[in-house]
Amino acid sequence: MAISLNVYLVTDGNGKEAVAFYKEVFNAEVLAIQTFGEGPSSPDHPIPPEAMDRIMHASLQIGGSVLMLSDTFPGMPHVIGNNISVTVNTDTPDEAKHIFNKLEDGGEVKMPIQETFWSPAYGMVTDKYGVQFQISCTPGQA
């Protein structure tokens with residue numbers, strides 16, 4: 001079983017600026033950067049024009065750690081203090097589900113753990129202490 005924890009920041013439309021800033025501050029390597037417009041499209045959930053250039057996901061290698069970041073989707077609230085979460089990456093969907101189920105006990109599920117286009121098991125939960133977690137199975141990357 002391999003597990004890694006990372007910090008995940010949420011910005012309010014200035015994600016590209018934040019990526020450039022943290023890259024310079026920490027002499028970081030940008031591992032990935034994808035806008036909402038570059039993600040898969042669905043006729044049932046079209047991406048509005050104002051979201052196309054916002055960051056859907058970015059990750060930066062800073063020493064032995066990875067800093068992750070995304071912009072809010074237009075219309076979603078951006079609350080300072082609630083814009084940081086802990087990501088938990090596991091090697092297997094079963095381990096991701098196990099951790100998610102433990103964290104949701106007494107907490108609040110924000111997004112049930114499910115298969116997404118980037119992960120066989122991804123979910124968001126705030127635990128009983130008010131800590132926001134994103135649980136993700138990323139085989140070979142935990």
Side-chain angles (χ1 to χ4, degrees), residues 1-23 25-26 28-142:
M1 169 180 77
I3 297 175
S4 66
L5 299 176
N6 301 298
V7 174
Y8 202 104
L9 307 178
V10 178
T11 52
D12 193 22
N14 56 350
K16 287 181 181 177
E17 177 184 325
V19 167
F21 176 74
Y22 293 126
K23 178 182 178 187
V25 167
F26 297 110
E29 176 188 354
V30 177
L31 300 174
I33 189 165
Q34 182 179 27
T35 64
F36 286 104
E38 293 169 330
S41 61
S42 165
D44 296 330
H45 301 95
I47 305 294
E50 62 272 21
M52 292 298 213
D53 289 332
R54 286 184 176 225
I55 301 298
M56 181 172 68
H57 178 76
S59 58
L60 295 93
Q61 185 76 48
I62 301 172
S65 301
V66 176
L67 174 66
M68 298 179 186
L69 180 146
S70 68
D71 278 316
T72 55
F73 201 74
M76 298 295 290
H78 181 262
V79 180
I80 301 298
N82 290 345
N83 59 329
I84 300 173
S85 62
V86 177
T87 61
V88 180
N89 301 299
T90 69
D91 274 338
T92 68
D94 287 342
E95 186 65 22
K97 291 172 186 173
H98 174 78
I99 292 168
F100 185 92
N101 291 337
K102 295 277 188 181
L103 288 170
E104 78 171 318
D105 184 23
E108 180 183 354
V109 173
K110 301 295 185 181
M111 178 181 170
I113 195 153
Q114 60 193 277
E115 185 174 342
T116 64
F117 73 88
W118 68 87
S119 172
Y122 174 84
M124 296 171 28
V125 61
T126 300
D127 74 5
K128 62 184 172 184
Y129 303 106
V131 178
Q132 298 178 76
F133 287 90
Q134 296 181 55
I135 312 301
S136 185
C137 173
T138 51
Q141 296 179 19

Checklist line | Inter-residue atom distance K23.NZ - I33.CD1, 0.5 Å rounding | finding: 9.5 Å
Next item on the list: Walk me through it: do I47 and M56 pass the test side-chain contact (heavy atoms from CB on, under 4.5 Å)?
Entry: CA-CA 11 Å; I47 305 294; M56 181 172 68; over 6 Å; no
Next item on the list: May I ask you to decide if D44's main-chain N or O and S42's side chain share a donor-acceptor pair within less than 3.5 Å?
Entry: yes
Notebook entry, point to check: Would you find a donor on one side and an acceptor on the other, under 3.5 Å apart, between the side chain of H78 and the backbone of V10?
Noted result: yes
Note to self: Return the CE to CD distance between M111 and Q134, rounded to the nearest 0.5 Å.
What the structure shows: 9.5 Å
Note to self: Let me confirm one number: the CD-CD1 distance from E104 to I135, rounded to the nearest 0.5 Å.
What the structure shows: 10.5 Å
Next item on the list: With side-chain contact (heavy atoms from CB on, under 4.5 Å) as the test, would you mind laying out the steps for I3 and I99 before giving the verdict?
Entry: CA-CA 10 Å; I3 297 175; I99 292 168; 3.7 Å; yes
Item checked: A18 to T11 - nearest heavy-atom pair and separation -> CB-CG2, 4.0 Å
Item checked: Verdict with supporting geometry, H57 and M68, side-chain contact (heavy atoms from CB on, under 4.5 Å) -> CA-CA 7 Å; H57 178 76; M68 298 179 186; 3.9 Å; yes
Next item on the list: Check whether any side-chain heavy atom of F100 lies under 4.5 Å from a side-chain heavy atom of V109, and answer yes or no.
Entry: yes
Note to self: So, taking the atom named NE2 in H98 and the one named CG in L103, what distance separates them when rounded to the nearest 0.5 Å?
What the structure shows: 9.5 Å
Notebook entry, point to check: Shortest non-hydrogen contact from S136 to Y122?
Noted result: CB-CD1, 3.8 Å
Notebook entry, point to check: CZ/F133 to OH/Y8 distance, rounded to the nearest 0.5 angstrom?
Noted result: 16.0 Å
Next item on the list: Ignoring hydrogens and angles, tell me if any N or O in the side chain of T35 forms a donor-acceptor pair with the backbone of M52 under 3.5 Å.
Entry: yes
Next item on the list: Look only at the side chain of S119 and the backbone of A121, and say whether a donor-acceptor pair between them is shorter than 3.5 Å.
Entry: yes
Check: Side chain of E50, backbone of P48: donor and acceptor closer than 3.5 Å?
Finding: no
Next item on the list: Compare every heavy atom of G13 with every heavy atom of D71, then report the nearest pair and how far apart it is.
Entry: OD1-N, 2.8 Å
Checklist line | Atom CD of Q114: over 12 foreign heavy atoms under 6.0 Å | finding: yes
Next item on the list: Please say which of V19, N6, L31, L9 ends up in a side-chain contact (heavy atoms from CB on, under 4.5 Å) with L67.
Entry: L9
Margin query: A side-chain contact here means heavy atoms from C-beta on lying under 4.5 Å apart; do D105 and K128 qualify?
Written below: no
Item checked: Partner set under ring pair (Phe, Tyr, Trp, His ring centres under 6.0 Å) for F36, not counting sequence neighbours -> F73
Check: For the side chain of Q61 and the backbone of S65, is there at least one donor-acceptor N/O pair under 3.5 Å apart?
Finding: yes
Check: Any donor and acceptor pair, going by atom type alone, linking the side chain of R54 with main-chain N or O of G15 inside 3.5 Å?
Finding: no
Check: Can you name the closest pair of heavy atoms from T72 and P77 and give their distance?
Finding: CG2-O, 3.9 Å
Margin query: Rounded to the nearest 0.5 Å, what separates atom OG1 in T138 from atom CG in D91?
Written below: 7.0 Å
Note to self: One pair to check against side-chain contact (heavy atoms from CB on, under 4.5 Å): K16 and I55. What are the steps and the verdict?
What the structure shows: CA-CA 7 Å; K16 287 181 181 177; I55 301 298; 3.5 Å; yes
